[in-house]
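Notes for the one structure printed next.
Chain letters run A, B, ... following the sequence lines, proteins first, then strands; residues in each count from 1.
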Amino acid sequence: MTIASLIDTPSELTDAASNKTAIVLMTRIRLARNIAGRSFPGWAKPAQREEILAVCRDAVAATSPMKRSLNITVGELSELEKQILVERHLISRELSGAKSGAGVIISKDQAFSVMVNEEDHLRIQVLRSGFQLKKAWNAINELDSALEEHLDYAFTPTLGYLTACPTNLGTAMRASAMMHLPALVISNQMEKVVRAVNQLGMVVRGLFGEGSDASGSIFQISNQTTLGESEAEIIKRLHSVLQSIIEHELNAREKLLEADAAKLFDKIGRAFGILQNSHVLSSGEAMNLLSLIRLGIDLSVFPDASRCVIDRLLIEAQPGHLQHAQKGEFEPGQRDLLRATRLRSEFANFVRPDFTFSTHGKN
Amino acid sequence: MANPLKCDLCAKPATVHLTQIVNNKVHKVDLCESCAQAKGVTDPSGFSLADLLLKASLNPEPSLAGVRCEQCGFTQNDFKKHGRFGCPACYEAFKTLVEPMLDNMHKGTTHTGKIPQCALARKSLYDRLTKLELDLTEAIKSERYEDAARARDEISQVKQSVPSNPKPAR
Ligand SMILES: [Zn+2]
Ligand SMILES: [Zn+2]
């Protein structure tokens with residue numbers, strides 16, 4: 001598979017057919033692995049990096065989920081291609097900035113990606129749309145075991161998988177969910193949630209922007225620690241934390257509707273109006289507007305089928321994707337014009353909001 | 001403010017302030033704009049506050065002054081500088097530096113998760129092979145020919161069960 005055909009194929013996350021849950025947009029698990037007896041990428045000499053890259057690329061390409069995958073070095077990717085892969089969560093910013101001796105293998109369906117010579121020799125990742133921690137774990141566990149048949153992983157019984165950074169020792173697993181939490185943001189409860197979740201050993205980060213006022217109200221929640229607990233225990237704990245965040249978000253939505261439904265619907269209606277008519281839209285503003293439409297879908301203001309359109313736009317309104325669609329280089333200011341044009345045309349044919357059902361029946 | 005906070009990494013004025021709680025301990029980090037960017041604070045997939053804390057608060061271990069990892073040449077100053085180790089063997093070389101860190105950083109200090117069965121089985125065979133080869137050389141040197149023959153037989157046995165040079169193809 002080539003990078004061009006990969007970019008023109010919808011990603012796992014923009015797949016219209018997939019069955020998404022309303023609040024958890026995406027589940028992601030990554031495992032860090034290193035080859036025994038070799039320097040970690042940050043300390044390895046260029047020739048050693050090249051050697052590791054070659055060995056790992058071959059081993060990864062031979063596994064069954066990676067049949068007909070994209071197998072490419074970072075040096076072969078243009079800046080724009082890198083940006084698009086970052087926006088799709090298929091590579092990290094760190095990898096996209098790697099000078100030489102780094103690469104990535106991405107499965108045909110873009111569900112798996114394996115970065116080579118990022119911070120560790122291997123960063124294996126699986127993405128699943130919706131709330132699917134167990135399925136994601138089963139998938140990545142299988143890929144990891146297949147790789148381990150051919151690669152000698154650095155491992156000790158006490159410290160587990162050895163990683164360049166001690167914060168990743170043990171399972172070397174980071175499991176996360178991307179959550180849409182607009183009601184918690186609107187009712188100023190995010191800070192409280194972040195604190196509570198931190199106390200449970202989980203980390204909350206804004207996906208677009210920082211902290212509790214992340215644009216788009218999209219947050220990533222993941223485990224903080226990796227040593228001293230099995231993968232299953234970490235996943236179970238994360239699962240219950242996510243479950244309780246979902247409950248809090250649903251409660252917050254109900255409270256907003258009870259307290260002042262008109263105010264909430266006004267926000268959603270205005271967002272729709274701006275998306276249909278604006279001519280200049282920054283990335284942050286676009287994310288916030290799309291987030292409100294997505295909330296409207298959950299509240300039955302728009303039909304359920306529109307949710308995948310919004311999820312696709314959340315990715316396609318990002319700078320790299322916009323630039324790719326328009327072919328050419330653009331200044332940030334021009335990008336805001338492009339973004340508005342793009343969203344205007346998407347929303348010209350969007351189903352009109354219907355507030356009647358929502359004002360009577362509650363959720 | 002009269003006394004603005006300084007960046008924990010480079011001492012420029014800090015504009016990004018982060019708080020995280022790890023194992024019920026509050027950790028605070030203040031960063032300047034450029035360090036926040038460089039550390040991927042704005043990249044949700046790559047950022048961990050624990051990483052930053054690790055570097056900002058590391059105390060050198062006097063007993064390890066001058067110690068180098070035999071495998072890769074790493075020193076504890078390199079660790080202080082990069083916040084990362086040089087190779088897997090560094091964990092053994094700098095054990096006394098790592099162990100106290102783990103307590104603050106993780107839920108426990110012992111791995112209880114997945115074990116790479118194939119890799120470990122291969123490793124124990126390799127280790128066995130290395131030992132037998134050593135036995136063989138010793139036996140030949142001291143003219144213990146019966147022992148040498150036995151070692152040679154065992155070596156060929158072990159070699160048969162070792163998958164010759166693990167290749168990616170199935
Ligand atoms: Zn700084
Ligand atoms: Zn080392």
Side-chain angles (χ1 to χ4, degrees), chain A residues 28 30 34 36-40 42-43 55 58-62 86 89 92-94 119 141 144-145 148-162 164-167 169-171 173 195 198-199 201 203 205-207 209-210 220 224-234, chain B residues 16 18-24 26 36 40-51 53-54 71-74 78-79 82-92 97-98 101-102 105-120 122-123 126 163 166-170:
Chain A
R28 161 158 68 165
R30 76 114 175 91
N34 288 283
R38 308 301 185 96
S39 289
F40 296 130
W43 188 246
V55 169
D58 285 353
V60 174
V86 169
H89 312 284
S92 65
R93 280 198 199 285
E94 185 171 342
E119 181 179 305
N141 187 27
D144 175 56
S145 297
E148 185 249 316
E149 282 179 29
H150 306 295
L151 295 171
D152 284 322
Y153 285 161
F155 178 90
T156 72
T158 39
L159 295 180
Y161 293 92
L162 301 178
C165 184
T167 52
L169 287 171
T171 59
M173 178 183 78
R195 232 175 304 135
N198 277 344
Q199 230 130 18
V203 191
R205 298 173 194 135
L207 191 68
E210 257 322 292
Q220 182 178 283
Q224 162 85 55
T225 60
T226 51
L227 180 64
E229 259 180 313
S230 70
E231 292 85 354
E233 286 166 329
I234 293 172
Chain B
V16 180
L18 302 149
T19 312
Q20 252 180 39
I21 299 163
V22 185
N23 294 343
N24 292 321
V26 182
V41 171
T42 48
D43 174 11
S45 60
F47 166 68
S48 157
L49 186 67
D51 288 12
L53 290 161
L54 184 69
Q71 180 86 38
C72 77
F74 217 67
D78 290 321
F79 183 74
H82 301 285
R84 304 285 184 274
F85 279 118
C87 81
C90 288
Y91 281 101
E92 188 56 39
L97 186 71
V98 178
M101 265 187 326
L102 295 180
M105 208 181 273
H106 289 288
K107 267 236 133 135
T109 53
T110 307
H111 180 58
T112 59
K114 184 175 179 177
I115 291 168
Q117 300 291 358
C118 295
L120 286 189
R122 267 197 310 273
K123 185 174 182 299
Y126 289 142
K167 282 229 169 68
R170 300 202 104 183

Worksheet entry | When A/Ser39, A/Ala154, A/Ser145 are compared by non-hydrogen pairs under 4.5 Å with chain B, the top option | A/Ser39
Response to the item:
From the list A/Thr171, A/Thr156, A/Thr226, the residue making the most non-hydrogen contacts under 4.5 Å with chain B is A/Thr226
Worksheet item: Is there a donor-acceptor pair closer than 3.5 Å between any side-chain N or O of B/Gln71 and the backbone N or O of A/Gly37?
Response: yes
Worksheet entry | Top of A/Ala36, A/Gly42, A/Pro157, A/Ala61 for chain B proximity - count of heavy-atom pairs under 4.5 angstrom | A/Pro157
Practice prompt. Heavy-atom pairs under 4.5 Å with chain A are the metric here; pick the option from B/Gly86, B/Gly113, B/Gly73 that has the most.
Written response: B/Gly86
Worksheet entry | Main-chain N/O of B/Cys118 paired to A/Glu148 side chain as donor or acceptor, under 3.5 Å | yes
Fill in: Region of A/Ile234 that comes under 4.5 Å of a non-hydrogen atom in chain B
neither
Worksheet item: Judged by atom type as modelled, is there a donor-acceptor pair below 3.5 Å linking the side chain of A/Asn34 to the main-chain atoms of A/Leu162?
Response: yes
Worksheet item: Closest approach of B/Arg84 and B/Phe74, non-hydrogen atoms and distance?
Response: O-CZ, 3.1 Å
Discussion item. Less than 4.5 Å to any heavy atom of chain A: does that hold for the side chain of B/Phe85, its backbone, both, or neither?
Written reply: both
Worksheet entry | Main-chain N/O of B/Thr112 paired with A/Ser230 side-chain donor or acceptor, under 3.5 Å | no
